[in-house]
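First comes the structure, then the notes that go with it.
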Amino acid sequence: MNIKGSLIKGAIHLKDALTPSVNHIQAQEEVLLSLLNTAKDTEFGNKYQFSKILNSKIPARMFAKKIPYFDYHKLKDEWWNRTIDGEENITWPGSPNYFALSSGTTGKKSKRIPVTDEMINSIRAAGIQQVEALSNFELPASFFSKDIMMLGSSTELNERNGHLEGEISGISASKIPFWFEGFYKPGKEIAKIDDWDERVEMICKKAKEFDIGALSGIPSWMELMLEKVIDYHQVKNIHEVWPNLEVYTSGGVAFAPYEKSFNRLLGKPIMVIDTYLASEGFIAFQERPETDAMRLVTNNGIYFEFVPFSPKYINQDGSLKQDAPSVTLANVETNQDYVLLISTVSGAWRYLIGDTIEFTDIERAEIKITGRTKFFLNVVGSQLSVNKMNAALRKLEKEYDSVISEFTLSAVRINDKFYHHWYLGTTVSEENETLALKLDKLLKDANKNYKVARSKALHGVKVTTVSPSIFSDWSGSQKKKGGQVKMERVMGEEKFALWEEFVRSYGN
């Protein structure tokens, strides 16, 4: 009997049983009041009269009326530049000790997002909530004594102007509580290595010394790491190295595109638990095994608002039009995509995080990520969101009993006619022209707006298949490998031209 694991599992079950269920709407009202009260004397709070909002009959309504929408660039230009320069009390009391460098998916230049001590505590508390939720999953007692491999960015943070900078996964890992250090792998020394390839090489060398029960990280980079460990030890699958691996927590990226290729690296099925950790905060996590939807963390320093997702509310650059309507958690509906807005204990206000979500269970505040506002392809009225693209590719994958783990596309002009040009990361051997016809039909069948566009201004579809490894190499060439780096699903013409040049350099 695994006594240590049994004790930990028992403690988690007891804590979960003693913790009252969250009234999500009430929790959100309390979070908003706390944020406004804490920041009312900041420069932002004074400009937008937080004190008056607090004294109004319905603060949430007044808050939405008085404060404009912000994306990163608007908030940075108008407010955060002063925070970055060291000024205090700008959008949040004091000055943050950390800045998260968001590599994300948009451009080579990193964003600098304030990370306050309150946000670090918020992320840690949300992580504890997720651990407590493991009591809902059927996991053996032995699991709770195993190591957890967290494949994020380097924990070696850079000092700049009196604060520390790094990706949020590196900041979080550098602040892990002392009681967790014994479970945390690859360990502090390896985690500090800045070069991703070098860090993974060290993981390969040490792999058999670890007793991994769970993995955590972005799917594309996790796959690459597992492949390298398998290759290094000349085994057939990762369970020959880590036989007790039972759980994978995926972070902030839809797992479905990677499911087939990921499963081929395993010796037995494992449980996949979705997590939504962004540079701006810990947004949501999967709380129960009956669904792959995630519960919003409604009681922990983040206030959520939702804008119905429609092309008429989105600017060409993916930002929100200021006249777009918003709703609170009390007024959301299912079967509706929403643009997600957050206000946080790091001084983000009505902030467009860039993701679109839909609610699967309103009472439980459970959501799924459906795409990115910047990845919404609406050239000539085609209205393609990432979830529609993924759904079509999963059907194509099934038809060929193959894997399409990566893709990107752009609307391009050929002889003054618009085409959607898709690049698919796959080993499917079918002719590109045939794949284009099949993909086009799947999209027509699933999306009436796309079907209408194809009968008018959208002239056709092109498909080019390439090796899946090109996508990770592209990401590495644009930014640092690993961490929170994600592949652009939709590119503008200028970026797409660079992508095609990069692909040609591989001889494809």
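Source: prediction; values computed, not measured.
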Is the shortest heavy-atom distance from the side chain of E406 to the side chain of S220 under 4.5 Å? yes
Test of understanding: with ring pair (Phe, Tyr, Trp, His ring centres under 6.0 Å), list the residues that count as partners of H421, not counting sequence neighbours. Y423, F496
Can you list the residues that meet the salt bridge (Lys or Arg N to Asp or Glu O under 4.0 Å) rule with K208, with sequence neighbours excluded? none
For the aromatic rings, using the six-membered ring if either is Trp, is the centroid distance between H459 and F418 under 6.0 Å? no
Contacts of type side chain to side chain contact (heavy atoms under 4.5 Å, CB included), residue E433, not counting sequence neighbours: E431
Donor-acceptor pair between N300 and S122 side chains, under 3.5 angstrom: yes
Salt-bridged, R504 to E501, with N to O below 4.0 Å? no
According to ring pair (Phe, Tyr, Trp, His ring centres under 6.0 Å), who are the partners of F359, at least two apart in sequence or on a separate chain? F306
According to salt bridge (Lys or Arg N to Asp or Glu O under 4.0 Å), who are the partners of E287, at least two apart in sequence or on a separate chain? R295
Distance-only polar pair, side chains of S326 and R350, donor-acceptor under 3.5 Å: yes
Side-chain contact test, heavy atoms from C-beta onward, threshold under 4.5 Å: evaluate it for T426 versus Y400 and give yes or no. no
Salt bridge (Lys or Arg N to Asp or Glu O under 4.0 Å): which pairs involve residues 212-239, sequence neighbours left out? none
